Amino acid sequence: MKDLQIKKLIDAEKKRQKSVINLIASENYCSADSLEALGSVFDNKYAEGYPGARYYGGNQVVDQLELLAQERAIKLFGLDKGEHVEKFSDKNPHKSKWHVNVQPWSGANANLAVYLGLAPIGSKIMGMALTSGGHLSHAQKVSITGKVWEPVTYIVDPETEVLDYDYVEELAKSEKPAIIVAGFTAYPREVDWKRFRKIADEAGALLMVDMSHLAGLIAGKAYPSPFPYADVVTTTTHKTLRGPRGAMIFSRIDSRELYKKIDKAVFPGLQGGPHESQIAGIAVALKEATDAKFKSYAKQVIKNAKVLASELQKRGWHVVADGTDSHMVLVDTWMNGEKVSEIAARSIKHGEMALGAGGIPGKVAELELEKAGIICNKNTVPGEKRSPFDPSGIRLGTPAETTRGKKEADFKKIAEKIDKVLKGIKI
Ligand code: DSN
């Protein structure tokens with residue numbers, strides 16, 4: 001590369017990535033082949049429209065690429081075999097095959113496109129609260145998704161910190177949202193997709209699952225698939241799925257023609273030209289994820305997260321929802337209970353008690369862990385009393401380090417190190 005300033009920064013970031021323990025639950029390392037496709041000549045091409053119906057000439061090769069990416073996505077999640085047709089709710093007559101749009105530039109865009117296509121402006125969208133593990137694009141007030149549509153927000157059970165489906169059902173039945181969003185950004189436990197289908201049917205709503213965090217685990221058959229039950233499934237491609245950044249929207253092909261409305265919402269509704277180089281990189285990752293090795297990877301991700309959670313619990317840390325069934329572990333470092341009362345004592349000295357009980361603010365935990373070479377993110381926790389900029393906990397994830405070959409024994413050591421760093425914090 002001739003641009004030495006940029007080359008220096010790329011090398012510095014490579015060095016940083018290699019030298020840290022990366023526990024950001026939403027990050028991963030995509031393959032060299034994916035990166036090669038991402039940096040390819042496909043980036044030079046304008047291809048507004050869809051295969052066979054573009055607004056520019058010269059799209060013969062790009063059309064083949066996009067169709068191949070779609071075919072691989074459908075195959076990876078078993079949607080080519082019709083196995084996700086029969087199980088679809090008896091109440092819902094829309095038994096169908098699936099279509100996938102591979103053009104969304106990002107996950108938030110993909111979610112926005114679904115709402116734009118399927119929910120009348122001003123209608124209700126029901127999503128989980130940010131503090132319970134929902135995402136900004138699940139109709140939160142600070143996002144366009146909660147300004148253009150009316151947000152209906154559900155939370156987890158304050159005691160157990162897991163979903164209370166009866167309460168979600170009651171809320172859905174009384175609010176009658178156009179769309180119910182399931183699938184979360186900081187919820188570690190298994191989700192009962194079938195129950196969500198029932199809730200959507202009872203409320204007369206569409207069920208959209210945002211499986212961004214779980215896509216790789218679902219592709220690797222290590223976590224239950226939402227496809228038998230959802231009307232629409234959105235996902236990013238760069239988290240557990242281990243591709244380059246991007247997103248996809250799966251929708252049923254049936255008399256409701258949801259897929260046509262979604263395609264129109266993506267383009268021309270929200271986006272211009274698709275990033276075909278991004279689509280090429282995603283296509284590579286989709287093929288890699290069909291490999292048997294990827295199945296072992298997905299299982300290992302979860303095994304590692306379970307070890308991380310239990311090792312932290314053993315040392316007295318409050319793990320949200322009492323553990324994990326996925327790739328992530330949420331630790332409430334602030335409301336951490338009596339077992340780490342010495343930490344609370346330090347916080348009292350620091351004057352933090354005014355804000356609640358208290359241990360370590362998530363922001364402090366994130367910074368101190370980073371100083372020790374462990375990268376994670378501060379995160380809100382159920383019943384959050386502090387602010388999203390300085391919340392009560394941290395979110396830890398195992399996908400990136402599992403890609404680097406780490407197993408249970410390594411995560412035991414990582415838990416020991418986290419414990420040591422956090423308990424040694426001088427506030
Ligand atoms: N920022 C992603 C995450 O970390 O979960 C979601 O957009």
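Whatever order the structure lists them in is the order used to number ligands and atoms, beginning at 1. Bear in mind the structure is a predicted one, so any value in this text is a computation, not a measurement.
Within 4.0 Å of ligand 1, the residues that place a heavy atom are S26, H135, T185, H213, K239, R395, listed by chain and number.
Salt-bridge check for K45 with E276: failed, with every basic side-chain N at 4.0 Å or more from each acidic carboxylate O. D11 and K7 are joined by a salt bridge, as a carboxylate oxygen and a charged side-chain nitrogen come within less than 4.0 angstrom of each other. The pair R256-D254 meets the salt-bridge criterion, with a side-chain N (NZ, NE, NH1 or NH2) lying under 4.0 Å from an Asp/Glu carboxylate O. Salt-bridge formation is detected for the pair K198/E169: a Lys NZ or Arg NE/NH1/NH2 atom is positioned less than 4.0 Å from an Asp or Glu carboxylate oxygen. With respect to E416 and K413, no salt bridge is recorded, no charged nitrogen being found less than 4.0 Å from a carboxylate O.
Listed by chain and residue number, N28, Y29, R242, Y297 satisfy the side chain to side chain contact (heavy atoms under 4.5 Å, CB included) test with T403 (two or more places apart in sequence, or in another chain).
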